[in-house]
Structures are given as C-alpha cells and as structure tokens.
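One structure below.
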Amino acid sequence: MAQDFPSSVKRLFLVVTEPLAVFRIVADRPLFMRPALVLCALNIFMALILLPKIRAATIWMIENNTLKIPPGELGKIKEFIPVTVPLAALFGAVLFPVVVWLMVSLLLRLYGSLRKTVIPFETVLTIAVYGYVPILLGNVVSTGIALSSSVENFHRVTVTLAMFFPYPKTLLYAFLARCSVFTLWSLALWSVGGAVALKTRPIYVGIYLFALWFLYSLLSALALLNKP
C-alpha cells in the first residue's frame, strides 16, 4: 500500500489537467485518506503562515470595535487572543475541507439514489477530496493576497468576484462574495467525477450541483444581509 502514496499525491496535481483520467482511476480504486491528509497538511501550513497577520487583524478589529464587543469585555478578550486565534485558525484549516468533502459526498450519493444507482461512500468521498484541489489553489492565492494586505483590510481579502466591486451591504455584493472561480472549478471537477462514478454525462451532475450551490449562495447572502 505504501507505493500508492506517491501515486495518490501525483493525482492531486493531475486532476487539474487530466480530471477524466484521474476520476476513472479513482472510481476503480478509491483511496481518499492519503490525498486528504496532504490537503489538510497544506491547509494547516497556510494557516500557520497567516497566524501573525490573523492575530494582528483580530487585535485591530477589537481595538476599533469592528466586532461590536462591549467595552468591558475588550480587555478579557485580548488576553485570550494568543491562544484562541491559533486554535481557531488551525481547527478551521482542518474542519472546513472535511465538512466540504462530507457534504459533496452526501450530495453525490443522493443524486445516485435519485437515479437508483448506489455509489460506495468511499468512492464519492475520494471524488470529493480530489475535486477540492481548485479550492486549495484559491486558498494559496488568498493567502498571498492576505500577506501583502494591510491589517485594516485583512477581513476584506477575497478571491471571489466581489473583489472587483466596492464594499456595500447589498444582496449583489453578498452573493458575489460567494462566487469564487476556484469554487466553480471544484464544482466542475465534482461533476466530472460524479459522472464517471454514475456512468452518466457530466452536464447532468453539473446542473444538479450548480443549482444547489446557487441556491445555497443566494440563501446565505440573504441571511447575511438580515443580520443586524
């Protein structure tokens, strides 16, 4: 099994240029643990690089009352920043991709059940892991932007279409803030992988996944606008 590790890592790079070939291999022999560990390790590495900037940005937001914290609580919260910020950043670096992988796996399984086709959970989970690579690339780009940004603009760093627009509290901006080219790229890869596993056309799986993504993005944008 050890010889599979280099191959599984190599496929993380090949999925960008040869997705169909990679997902055909994955469908025949799903192995998700090794590539998942590599992706999580890279996420943790980027979080560690950003920790000083995250800590400084958090302190700046607290001192400028951007987070709407009662004045009496400011001192207590600043005391816990050296511990809570690194823990939250590292925990999020692991939790976020895992949640995405599980959600995509469940959606692909649901689509399969609608077509009366049973896909092994290990297969859809492996597809979800490999299809996550573009989102990781987006994190690399956003990390680079964040490192070069000032502390006061750190919370506005984004690689979504919202970066081309001002920062008003509007539905359009809130929706565009969820429209990342890298996320759409991952959706396309998951569509290809799901189609290979289901032996159908990618366009069918793509319509299903993109429609759900659009609905989720719209509802979450509306929810953000309704916050006080």
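Because only heavy atoms are used, hydrogens play no part in the values below, and waters and symmetry mates are left out as well, while side chains stay in. None of the values given here were measured: they were computed from a predicted structure.
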Residue list, side-chain hydrogen bond (donor to acceptor under 3.5 Å, both in side chains) with S180, at least two apart or on another chain: none
For the student: nearest non-hydrogen atoms of R178 and S220, plus distance: NE-OG, 2.8 Å
Which ring-ring contact (aromatic ring centres under 6.0 Å, His included) pairs, counting each pair once, include a residue from residues 30-52, with sequence neighbours left out? none
Roughly how far apart are T123 OG1 and L108 CG, rounded to 0.5 Å? 10.5 Å
With side chains defined as the heavy atoms from C-beta onward, is the minimum distance between L176 and T160 less than 4.5 Å? no
Show me the side-chain donor-acceptor pairs of residues 129-143 shorter than 3.5 Å, one per line, residues at least two apart or across chains.
from: Y130; atom 1: OH; to: S8; atom 2: O; distance (Å): 3.1
from: N139; atom 1: ND2; to: N43; atom 2: OD1; distance (Å): 3.4
from: S142; atom 1: OG; to: G138; atom 2: O; distance (Å): 3.2
from: S142; atom 1: OG; to: N139; atom 2: O; distance (Å): 3.0
from: T143; atom 1: OG1; to: N139; atom 2: O; distance (Å): 2.7

Atom of L51, atom of A89 and distance for their closest heavy-atom approach: CD2-CB, 3.8 Å
Give the other cluster members for Y216, using side-chain heavy-atom distances under 4.5 Å between Ile, Leu, Val, Met, Phe, Trp and Tyr residues; answer none if it is isolated. none
I44 side, atom CD1; L37 side, atom CG - distance, nearest 0.5 Å: 9.5 Å
So if you build clusters from Ile, Leu, Val, Met, Phe, Trp, Tyr with side-chain heavy-atom gaps below 4.5 Å, do L189 and L42 land together? yes
To the nearest 0.5 Å, tell me how far L198 CG sits from I127 CD1. 7.5 Å
Taking side chain to side chain donor-acceptor pair (under 3.5 Å) as the cut-off, I'd like each qualifying pair that reaches into residues 182-210, sequence neighbours left out, listed once. none
Student check: side-chain heavy atoms of V26 and L31 closer than 4.5 Å: no
According to a hydrophobic-cluster definition based on side-chain heavy atoms being under 4.5 Å apart (Ile, Leu, Val, Met, Phe, Trp, Tyr only), do V100 and V15 belong together? yes
Test side chain to side chain contact (heavy atoms under 4.5 Å, CB included) applied to L184 - qualifying residues, sequence neighbours left out: L187, F210, W213
If you compare all heavy atoms of C40 against all heavy atoms of W101, which two are closest, and at what distance to 0.1 Å? SG-CH2, 3.8 Å
Side chain to side chain contact (heavy atoms under 4.5 Å, CB included), that's the test. Do L209 and V104 meet it? Break it down for me. CA-CA 9 Å; L209 291 179; V104 173; 5.6 Å; no
Please collect all ring-ring contact (aromatic ring centres under 6.0 Å, His included) contacts where either partner lies in residues 11-31, sequence neighbours excluded, each pair once. none
CG-CG distance between L212 and L107, expressed to the nearest 0.5 angstrom: 6.0 Å
Is there side-chain contact between V159 and V181, with at least one heavy-atom pair below 4.5 Å? no
Residues joined to V99 in its hydrophobic cluster, side chain to side chain under 4.5 Å directly or through other members, sorted by chain and number, are F91, L95, M103
List, one per line, each side-chain donor-acceptor pair under 3.5 Å for residues 109-120, sequence neighbours excluded.
from: R109; atom 1: NH1; to: I119; atom 2: O; distance (Å): 2.4
from: S113; atom 1: OG; to: L110; atom 2: O; distance (Å): 2.6
from: T117; atom 1: OG1; to: R115; atom 2: O; distance (Å): 3.3

F214: partners by ring-ring contact (aromatic ring centres under 6.0 Å, His included), with sequence neighbours left out: F175
Using 0.5 Å steps for rounding, measure from the CZ atom of R11 to the CZ atom of R34. 10.0 Å
